[in-house]
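Remember, predicted model here, so these are calculated numbers, not experimental data. The basis for the numbers below is simple: all heavy atoms, side chains too, and nothing from hydrogens, waters or symmetry mates. Starting from 1, each residue takes its place in the sequence as its number.
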Amino acid sequence: MAKGYLIDTSAVIKYLNQTFPETAVIFINNIVDSESNISFISQIELQVWNPSNPKDIEVYIQFVQLSNIYGINNNYYCFND
């Protein structure tokens, strides 16, 4: 089974708002550069994110579009393209 990270909603917001300490930004940059994974719940929660700079919505859209979105069904976890 492949190993990776599923990035939580609050981590995505702190990352996009640039409010993480530098070491955390470097760590998440490495994760995002290789493969960005978020859950369908994070995708939904991010839709109500209200950044202080409205132009950051474009950053959010790009982040989500470039991420693997993981969902669930009754039998197993799966991701949607």
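Using a 4.5 Å heavy-atom cutoff, the side chains of Trp49 and Leu16 are in contact. Contact annotation: the side chain of Leu46 approaches that of Val64 to within less than 4.5 Å [non-hydrogen atoms, C-beta and beyond]. Side-chain contact check for Phe63 versus Ile38: some heavy-atom pair is nearer than 4.5 Å.
Note: Gln47 CD to Thr9 OG1 = 11.0 Å, rounded to the nearest 0.5 Å. How far CD1 of Ile13 is from CD of Glu45: 8.0 Å, rounded to the nearest 0.5 Å. The CD1 atom of Ile61 sits 11.5 Å away from atom CG of Leu66, with the distance rounded to the nearest 0.5 Å. Of the inter-residue distances, the one linking Gln43 atom CD with Ile69 atom CD1 reads 4.5 Å to the nearest 0.5 angstrom.
One side chain, Asp8 or Ser10, offers a donor N or O that lies under 3.5 Å from an acceptor on the other.
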Just distance, no hydrogens or angles: give the donor-acceptor pairs under 3.5 Å from side chains in residues 20-31, sequence neighbours left out.
{"from": "Asn29", "atom 1": "OD1", "to": "Tyr15", "atom 2": "OH", "distance (Å)": "2.5"}
{"from": "Asn29", "atom 1": "ND2", "to": "Val25", "atom 2": "O", "distance (Å)": "3.4"}
{"from": "Asn30", "atom 1": "ND2", "to": "Ile26", "atom 2": "O", "distance (Å)": "3.3"}

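None of Ser42, Ser36, Ser39 except one satisfies the side-chain hydrogen bond (donor to acceptor under 3.5 Å, both in side chains) rule with Ser67; the exception is Ser36.
Side-chain atoms of Asn37 come within 3.5 Å of backbone atoms of Tyr5 as a donor-acceptor pair (strictly under, hydrogens ignored).
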